[in-house]
Amino acid sequence: SIQFPEGFLWGGATAANQIEGAFDSGGKGLSVQDVAPRGIKGPRTPTPTPENLKQVAIDFYHHYPQDIAMLAELGFTVFRMSIAWSRIFPNGDDETPNEEGLEFYDRVFDELERHGIEPRLLELELTESLSMEDPEASVALMHRLKATGIGMSIDDFGTGYSNLSYLKRFPVDKLKIDQSFTRGLACDPEDQSIVTAVIRMAHSLGLRTIAEGPGLLIGPSSADIHV
């Protein structure tokens with residue numbers, strides 16, 4: 001059998017819309033994925049339709065104990081997952097989060113911890129645009145999740161509202177710079193300047209940065225960019 005070094009983080013990653021299913025359970029509201037049976041680039045339907053496999057997926061919502069047990073059998077020590085924002089704020093403009101949705105994720109985190117996949121090793125990704133559409137509710141929810149030891153990152157940074165006054169209030173650990181700014185790093189001075197500025201700002205706030213795109217390496221403690 002394969003033997004990993006002590007402390008090696010062995011795991012995998014999933015997306016809520018691809019595994020959870022239960023699109024109409026637990027007070028969840030509709031998301032774009034629920035009316036996009038062929039993905040975000042395909043046509044949208046007026047209402048959810050049976051050919052949308054994501055409505056059931058692997059039904060992680062109902063079978064997460066069995067699924068997590070299998071991950072534990074594989075020796076997982078880390079699990080990167082996303083949460084369905086529409087399960088927390090079903091209508092998108094709710095003043096308070098849906099407790100049933102929060103309780104579901106609480107149970108998932110507890111189950112992971114029970115199998116030795118500690119919550120502190122989990123990382124949740126939130127898109128910048130979603131985080132800032134309702135920043136007050138987002139801040140409250142992030143602090144609630146952060147209190148459990150979960151790491152948090154903002155995905156696609158630079159494509160949303162980029163409200164820096166809110167950014168410093170979010171209890172996030174990492175910014176993931178959108179690849180629309182990294183594709184031209186090798187030849188576009190403006191992209192290089194933007195990415196360098198984001199990295200320096202993130203580090204000044206004590207945040208780590210990740211750049212999307214192939215062939216990229218960003219120094220973990222400096223604003224150096226290597227392509």
Side-chain angles (χ1 to χ4, degrees), residues 1-22 26 33 54 57-88 101-128 130-131 138 141-157 167 170-179 182 198-199 202-203 205-222 226:
S1 61
I2 299 176
Q3 297 295 321
F4 294 109
E6 183 177 353
F8 185 84
L9 298 181
W10 163 251
T14 60
N17 68 76
Q18 295 174 346
I19 69 166
E20 283 187 8
Q33 293 290 346
K54 295 185 290 292
I58 64 169
D59 200 14
F60 182 79
Y61 184 84
H62 293 108
H63 299 140
Y64 68 89
Q66 298 95 317
D67 293 333
I68 291 173
M70 287 190 286
L71 297 180
E73 288 182 18
L74 291 172
F76 274 31
T77 56
V78 63
F79 181 49
R80 183 179 179 182
M81 59 177 287
S82 67
I83 63 174
W85 202 248
S86 53
R87 200 175 289 285
I88 307 301
L102 291 176
E103 289 170 3
F104 164 67
Y105 290 112
D106 282 340
R107 293 193 301 271
V108 170
F109 302 150
D110 288 343
E111 191 70 15
L112 287 165
E113 185 171 20
R114 190 173 73 84
H115 285 279
I117 307 175
E118 302 178 30
R120 66 181 177 87
L121 296 178
L122 294 171
E123 179 178 286
L124 302 183
E125 286 189 353
L126 298 171
T127 62
E128 181 189 6
L130 280 176
S131 302
S138 297
L141 176 60
M142 287 181 187
H143 279 288
R144 178 170 176 174
L145 294 172
K146 187 72 174 179
T148 68
I150 297 168
M152 309 196 76
S153 64
I154 293 184
D155 195 19
D156 302 331
F157 185 77
L167 177 60
F170 291 163
V172 297
D173 308 287
K174 185 187 302 178
L175 298 182
K176 190 173 181 181
I177 305 170
D178 189 73
Q179 61 180 329
T182 62
V198 171
I199 294 170
H203 291 163
L205 295 172
L207 305 176
R208 290 174 291 153
T209 52
I210 289 181
E212 293 181 328
L216 294 172
L217 174 64
I218 290 185
S221 59
S222 70
H226 309 280

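These numbers were taken from a predicted model, which means no experiment stands behind them. Heavy-atom basis, side chains included; hydrogens, waters and symmetry copies ignored.
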ask   = Taking only residues two or more places apart in sequence, or in another chain, which ones meet Tyr105 in a ring pair (Phe, Tyr, Trp, His ring centres under 6.0 Å)?
value =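 Checked Tyr105 against ring pair (Phe, Tyr, Trp, His ring centres under 6.0 Å); zero matches.
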
task = Only counting residues at least two apart or in another chain, list the ones meeting ring pair (Phe, Tyr, Trp, His ring centres under 6.0 Å) with Phe60.
result =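 Once residues adjacent in sequence are excluded, Phe60 has no partner under the ring pair (Phe, Tyr, Trp, His ring centres under 6.0 Å) criterion.
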
What's the separation between atom [atom1] in [X] and atom [atom2] in [Y], rounded to the nearest 0.5 Å?
X      : Y      : atom1 : atom2 : result
Ile19  : Lys54  : CD1   : NZ    : 14.0 Å
Asp173 : Leu207 : CG    : CG    : 7.5 Å
Ile199 : Ile177 : CD1   : CD1   : 4.5 Å
Ile88  : Ile83  : CD1   : CD1   : 5.0 Å

Non-hydrogen atoms of [X] and [Y] that approach each other most closely:
X     : Y     : result
Ser82 : Ala16 : OG-N, 2.7 Å
Ala57 : Gly21 : CB-N, 4.0 Å
Tyr64 : Tyr61 : CD2-O, 3.5 Å

Close side-chain approach of [X] and [Y], heavy atoms under 4.5 Å:
X      : Y      : answer
Glu20  : Thr14  : no
Glu111 : Val108 : no
Phe76  : Ile68  : no

ask   = Are any side-chain N or O atoms of Thr77 and backbone N or O atoms of Trp10, one a donor and one an acceptor, separated by less than 3.5 Å?
value = yes

ask   = Is Arg87 positioned over the aromatic face of Phe104, cation under 6.0 angstrom from the ring centre and no more than 45 degrees off axis?
value = yes

request  = Evaluate the criterion side chain to side chain contact (heavy atoms under 4.5 Å, CB included) for residue pair His63 and Ile58; output intermediate values, then yes/no.
outcome  = CA-CA 8 Å; His63 299 140; Ile58 64 169; over 6 Å; no

inquiry  = I need the single residue from Lys174, Met142, His143 that forms a side-chain contact (heavy atoms from CB on, under 4.5 Å) with Met152. Which is it?
reply    =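 With Met152 as partner, Lys174, Met142, His143 yield a single side-chain contact (heavy atoms from CB on, under 4.5 Å), made by Met142.
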
